[in-house]
There are 2 protein chains.
Amino acid sequence: MQVPQGTVLFRPEDACQGFVVVHSGTIKVTLTAENGREIVLYRVRPGEVCLQTFGCLVNHTTYSAEGVAETDCALEVVPAAEFERLVASDSAFRSRLFGAVAARFADLERLVEDVALSSVAERLARALLRLAGTSAAVDATHEALASEIGSAREVVSRQLGAFARDGLIEVTRGHIALTGRARLEALAHQAD
Amino acid sequence: MQVPQGTVLFRPEDACQGFVVVHSGTIKVTLTAENGREIVLYRVRPGEVCLQTFGCLVNHTTYSAEGVAETDCALEVVPAAEFERLVASDSAFRSRLFGAVAARFADLERLVEDVALSSVAERLARALLRLAGTSAAVDATHEALASEIGSAREVVSRQLGAFARDGLIEVTRGHIALTGRARLEALAHQAD
DNA sequence: CAGCGTCTGTGACAATGTCACCAAACCCAG
DNA sequence: CTGGGTTTGGTGACATTGTCACAGACGCTG
């Protein structure tokens, strides 16, 4: 099924309708505090697992985070019974599922490490590099970057300002060019 | 195999010897930053899964956290090949494994939410209630509590001091009595 | 009983997060 | 094309949290 960008796929307390498989596009899964602060837990791209959906299906619980189509998506929702049948009888499916689940947990572990044990500069450097991929720039608002690292928009504005003054980046509205990529990488890997 | 309290079972970069099954006792799994700060990711008790081990086995990677026997433990290490066989052919094992993995994911998600989006008072209240269980007191150092919530010992000392002044707890060295349990619970569930 | 190690408390300061406010840029409708 | 509304960004003041250094209390061992 086709889902346009911005569609909310699930919210906390929602019942789970089936296992979500992403064929194209990206789903962003976030947690939001009462004060409006939010953090991106992970993204689901083709070949990856939505752990929320997995957890709901396996333990018969409701969603505890929010999932939004970050881009236009092509999704498939596998009914719970079909999911269980695939897990039981399709060893290739199960292997991929296990691998994807394990990879996702590694991501979450790094997120915990980031948030609990790293400075804002390190976290922001990592987020910029991750969002850029092979590109030399990131298109994101300060608010979006704040959600990526679990901080506040003002804190991101300040830190981007410091990065800009130090020559690591060049900022325009909604766009950040990574002019000092090597230094960002050095910062990003400081705690490794 | 019997493992005495304090035994380091695995460290970052260690190769994975097999799937660890806990028959009795508790394993504590932590991440440590370069500056010595640490955070407890989760504990593994009988019936629970060590996600580190799971992830290493499934994706053929090395450990990325440290696992220590928090108590004397009775453990079993299932060789990787046997683990894969069990996953493939033992549906009861697989069900339990999936359920445990999903429950662990929910724990990690709450940890991220805690660390990124909650105040130190809330986090400490939750940790005290969790460590106490049904008991009316917690035996832990300030340093241990700091690891539980991913903060610093001094911050925990201050916050415990504030809790004590407000009548929520009574503190002695290495021991904390939860005298105002209802108020701790109110604080712990503030963001829910 | 003394000494050493561990644990705790606190002050000063740095880093980070919050709140309020304001300005600039962008977009859309008329 | 212009104006108004919305979105985005910057900044100051302040609160909370984390770091560093230091000192004192407690517990254990010889």
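Since the structure is predicted, the reported quantities are computational estimates derived from the model, not experimental observations. Residue numbers start from 1 in every chain, and the chains themselves are labelled A, B, ... in the order their sequence lines are given, proteins ahead of strands.
Although no hydrogens or angles enter the test, the distance criterion places no donor-acceptor pair under 3.5 Å between the side chain of B/Ser118 and the main chain of B/Val115. For B/Arg123 (side chain) and B/Leu111 (main-chain N/O), no donor-acceptor pair under 3.5 Å exists by modelled atom type.
A/Leu117 places its CG atom 18 Å from the P atom of C/dA15, with the value rounded to the nearest Å. For the pair A/Ile39 CD1 and C/dG17 C1', the computed distance is 14 Å after rounding to whole Å. What separates CG of A/Leu124 from C1' of C/dG17 is a distance of 15 Å, to the nearest Å. As rounded to whole Å, 11 Å separates atom P of C/dT18 from atom CD of A/Glu143. Here the C1' atom of nucleotide C/dG17 and the CD atom of A/Glu38 are 16 Å apart, to the nearest Å.
In summary, A/Arg43 and A/Glu48 do not engage in a salt bridge, as defined by a charged side-chain N under 4.0 Å from a carboxylate O.
Contact footprint of chain A on DNA chain D: nucleotides with an atom under 4.0 Å from a non-hydrogen protein atom, first to last in 5' to 3' order, D/dT7 to D/dA13.
For B/Arg173, the listed nucleotide lying nearest its side chain is C/dC7; candidates were C/dT18, C/dG9, C/dC7.
Side-chain rings of B/Phe105 and A/Phe54 stay apart, their centers remaining 6.0 Å or farther from each other.
Listed by chain and number, the residues in a salt bridge (charged side-chain N to carboxylate O under 4.0 Å, His left out) with A/Asp107 are A/Arg104, A/Arg110 (sequence neighbours excluded).
Proximity of residues 149-163 of chain B to DNA chain C (heavy atom under 4.0 angstrom from any strand atom) is restricted to B/Arg153, B/Glu154, B/Ser157, B/Arg158.
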Run the side-chain donor-acceptor check on residues 17-31 of chain B: report pairs under 3.5 Å with partners two or more places apart or on a different chain.
from	atom 1	to	atom 2	distance (Å)
B/His23	NE2	B/Glu76	OE1	2.7
B/Ser24	OG	B/Ala74	N	3.4

Anything under 3.5 Å between a donor and an acceptor, one on a side chain of residues 79-90 of chain B, the other on a protein residue two or more places apart or in another chain? List them.
from	atom 1	to	atom 2	distance (Å)
B/Glu82	OE1	B/Arg85	NE	3.3
B/Glu82	OE2	B/Arg85	NH2	3.3
B/Ser89	OG	B/Arg85	O	2.8
B/Asp90	OD1	B/Ala92	N	3.2
B/Asp90	OD1	B/Phe93	N	3.1

Kindly list each side-chain donor-acceptor pair under 3.5 angstrom involving residues 155-165 of chain A, sequence neighbours excluded, with atom names and distances?
from	atom 1	to	atom 2	distance (Å)
A/Ser157	OG	A/His142	ND1	2.7
A/Ser157	OG	A/Arg153	O	3.2

